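When reading the values below, keep in mind they use all heavy atoms of this one structure, side chains included, and skip hydrogens, waters and symmetry mates. Remember, it's a predicted structure, so these values are computed and weren't measured experimentally.
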Amino acid sequence: MDNRRVADIFSAMADILEIQDANYHRIMAYRRAAETIGSLGEPVEEIWHEERLTSIPGIGETLASKIDELMRTGEIEAYQKLKEAVPAGVVDMLSIPGVGPKSAARFWKELDLTTVGALEKAAEAGRLRQLHGFGAKSEQNVLDGIDFLKRRTGRTRLGDAWDLAQALLTPLRELPEVRQAATAGSLRRMRETVGDLDILVAATHADPVTRRFSSLPQVDEILLSGATKTSIRTREGFQVDLRILAPARWGTGLQYFTGSQAHNIRIRSLALERGLSLSEYALKREDGTEILCASEEEVYGALGLPFIPPELREDRGEIEAALAGELPKLVELADLKGDFQFHTTRSDGHHTLLEMAEAARARGLRYALVTDHSHGLGVTGGVDADALEIQRSEVDAVNAQLEGSFHVLLGVEVEVRGDGTLDLPDEVLQTLDLVVASVHTGLRQSREKVTGRMLNAIRNPHVDIIGHPTGRLIGEREGADLDIEAVIQAAAETGTALEINAHPSRLDLNDIYARRAAAVGAKLVISSDAHDVTGFDVLRFGVATARRGWVSPDDLINTLSLDDLLSWAERA
DNA sequence: GCCGTTTTCGGCCCGACTGTTTTCAGTCG
C-alpha cells in the first residue's frame, strides 16, 4: 500500500464530494491530505504501523481512521459509497477544461448524461443550451474542451518548458514598456513537469505587451485576453498564461504567481493572522491602505518571514521552518565543484574525453568523473577491463594537457545485471577512482528481486554511487518497483551516494526521495549524465531537484574539493 | 475535515475572465 495509492483515493473522494456540492473546506481537507501524503518521503504504511498518522499535517482523527481502514482491509467503505453515488463518467467530466463540479452535476442530473462521450453527443445535438444559464457559446466551449482533452499530450518536461520560456521572454524583454519579465508558476518552482507556463511581466503600459505576446510566432490560439491577463495555446498544445502588473507591485505579483496554490493559501492565512490581506497587488491593512512590495523579500518580510526559495513553496513544511528560523541552506549551482557522470565516444557519447573535459571546465567545474557504460549493457563500444586500462592513460594525458586547471577522474557506469551481480569484476573496479552502478534492464522485475539487485550493488565496497536509482523516464515509463526506503537506508549505512540524475527526462532520485535520503544521512550526488558537450547544462535541473528536496551543500559529494573527494572515495 | 498567539467552535485566500442570469455564478490558478 504505497503513498501514491492513498493519495489517489483521497483525491478521488474530493472530486466526488465536489460534484455532490459538499462543504468546500471539507473537500479542501481531502485535497490537502492527498497532496501531503503524495509528497511524504516516508512510507505512510510505516507511519500507520507506528500510530503516528495524526502527526501528519492535515490528517486528523477522521482521515487517520480512513487510512487505518485502508491498511487493514484494503478498502475504505466511505469511498465505495461515494463511487456508488456518482457515476465515474461524471467525475471524468471534471478533466474537461471549463467544466467544473457544478456543470458536471447539472449535465448528469438535468440531462441524464453519465459519460464524456454522451456529453459530447449532447453538445453536438445542441442539447446543452436547454440548460438555464447555458448558451451556444458555453456549448461550444464544452466541445472545444473535450477536443482538447483528446489531443492533449499531458504535462511537459521541465527542460522543454524551460527552453520555451526563454524563447518567449526574450522578445517581451525588448519592449520599452517592460521593466521586468520572468517565469513564475511550477516552472519557477522547478517542478519536474509543467502543466501551464506562467509568464509575469512588470510594465508601465499593458497593451503593447499583450499585443506583442499575442502575436508571437509560437501562438496558435488565443484562449482569453483581458486587460492584464492573456492565455494562449502553442501549436504543441501548451498553454501559456501572461499576467501584466505595475512595477511597484512586482513582489506581490511574483509571489502570488509563483505559487504553489497550497503555499499561497497558507501565506495568505498567515497574513490574515497579522491583520493583513494579501493579494497579487498588495498587502492590505484592515483600514484598506496598501503596502506595495516591489520584491518578494518585502512580501515575506512584512509577514515576519525570511525569503522562502521558490523550490520550497509546496506547503511541505517550509512555512513552519521559516517561522522557526530553520529553513535549510539550499545548494546552489555555483556550489558544485564536480560532475559525476558523463560519457564519451568510447561508449554512447558524442565527444572525446578532452572535449568533454574542456566543456565541463568552461562551466566552472573543477573536476569530473568519466563514466562510460560497461560492455554488458550492449551499447556501442562499452568498456571492459582492457578498454578501461587504455582509458586510464587517456585520462592521464588529458590531465597533463589541462595542467591542473581541471581534473578528470576515471570511473565507469557499471551495469547491475539481472541477477544482481555487476558487469565488471571487483579486481577491475578497484583500479578506478570511483564507480557508478546503474540498473538499465530488468526494471519490471518483482519488487523483491529488483530491490535485492540494488541492495547488492550498494553493499559492494567498490561501488561509490548508484546511478538514476529508480530508472524512471518522465512521461515515458515508471521506475522500477523499488523498496526505496530500504535502498535509502542501505545507502546511508554503507556511505554509498545516491544520484540525482540531472537530465530532464530522469530527475532521478526525485525531490521527495532526495529529501528523505538527506534526512536519514545518506550522501547524494548530482550528475549531468552528459553525452555531449552541451550535456553539462542540465546540471541546473539537478540542482533544482536537490533544492526541492531541501538538500544542503553538505549533503552532496559534488561540493567537496578534489582532495576531500579522493579521501571520501577511500572511506571504509 | 482540520485546527488553535481567534484553542474544542467557527472559521477556513483572493482575484481575473467568461458567458449570460443585467448583477453574478462558475471556473481557474
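As a whole-Å value, the separation of A/Glu320 CD from B/dC2 P is 17 Å. Protein atom CG of A/Leu94 is 13 Å distant from nucleotide atom C1' of B/dC28, rounded to whole Å. If you take CZ of A/Arg243 and P of B/dC28, they are 16 Å apart, rounded to a whole angstrom. We find that CZ of A/Phe257 is positioned 12 Å from P of B/dA16, with the value rounded to whole Å. Atoms CZ (A/Arg31) and C1' (B/dG1) sit 14 Å apart, rounded to a whole Å. Spacing between atom CG of A/Leu283 and atom P of B/dG15 amounts to 12 Å, rounded to whole angstrom units. If you measure from atom CG of A/Leu200 to atom P of B/dA16, you get 14 Å, rounded to the nearest angstrom. Rounded to whole Å, the distance from CZ on A/Arg26 to C1' on B/dG1 is 7 Å.
Using a 4.0 Å heavy-atom cutoff across all strands shown, A/Ala33 reaches no nucleic acid atom at all. Counting non-hydrogen atoms under 4.0 angstrom, A/Ala136 reaches the backbone sugars and phosphates but no base.
Residue-to-nucleotide proximity on DNA chain B shows that, of A/Gln239 and A/Leu224, the 5′-proximal contact is made by A/Leu224.
Atom name C1', nucleotides B/dG1 and B/dT5: the rounded distance is 23 Å, in whole Å. Rounded to whole Å, the P atom of B/dC13 lies 15 Å from the corresponding atom of B/dG4. B/dG26 and B/dT20 are spaced 14 Å apart, taking the P atom of each and rounding to whole Å. For the C1' atom pair drawn from B/dG29 and B/dT21, the interatomic distance equals 25 Å after rounding to whole Å. Between B/dA16 and B/dC9, the distance separating the two C1' atoms is 34 Å to the nearest Å. B/dG15 and B/dG10: their P atoms are spaced 26 Å apart (whole Å). A distance of about 14 Å separates the P atoms of B/dG11 and B/dT6, rounded to the whole Å. Between the C1' atoms of B/dT7 and B/dC12, the separation comes to 15 Å (whole Å).
The side chain of A/Asn141 sits closest to B/dG19 out of B/dC17, B/dG29, B/dG19.
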Per-nucleotide protein contact along nucleotides 3-14 of chain B, 5' to 3', at a 4.0 Å heavy-atom cut-off (B base, S sugar-phosphate only, - neither), is S--B-----BBB
What string of B, S and - do you get for nucleotides 21-27 of chain B, 5' to 3', when a contact is any protein heavy atom under 4.0 Å?
B----SS
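Proximity of a side-chain donor or acceptor of A/Thr289 to a complementary backbone N or O of A/Arg285 within less than 3.5 Å is not detected. No donor-acceptor pair closer than 3.5 Å links the side chain of A/Arg243 to the backbone N or O of A/Val201.
In this structure, A/Asp511 does not pair ionically with A/Arg515, as no charged nitrogen and carboxylate oxygen lie closer than 4.0 Å. For the pair A/Asp196 and A/Arg233, the salt-bridge criterion is not met [side-chain N within less than 4.0 Å of a carboxylate O]. A salt bridge links A/Glu139 with A/Arg129: the closest approach of a Lys/Arg side-chain nitrogen to an acidic carboxylate oxygen falls below 4.0 angstrom.
Taken to the nearest 0.5 Å, the CG atom of A/Asp508 stands 10.0 Å off from the OH atom of A/Tyr513.
Minimum heavy-atom separation, A/Leu113 to A/Val90: O-CG2, 3.9 Å.
Summarising the base pairing, B/dT8 is matched to no nucleotide, lacking a Watson-Crick or G-U wobble pair whose two defining distances lie under 3.5 Å.
Scanning for side chain to side chain contact (heavy atoms under 4.5 Å, CB included) contacts around A/Leu169 gives A/Gln166, A/Arg173, A/Ala181, A/Thr183, A/Ile199, with sequence neighbours left out.
Between A/Phe107 and A/Phe134, the ring centre distance stays below 6.0 Å.
For the side-chain contact (heavy atoms from CB on, under 4.5 Å) with A/Leu278, the lone residue among A/Thr252, A/Asn264, A/Leu272 that qualifies is A/Thr252.
Phosphate contact (OP1/OP2 of B/dC2, side-chain N/O of A/Thr62, threshold under 4.0 Å): present.
Judged by distance alone, the side chains of A/Thr193 and A/Arg155 do bring a donor and an acceptor atom under 3.5 Å apart.
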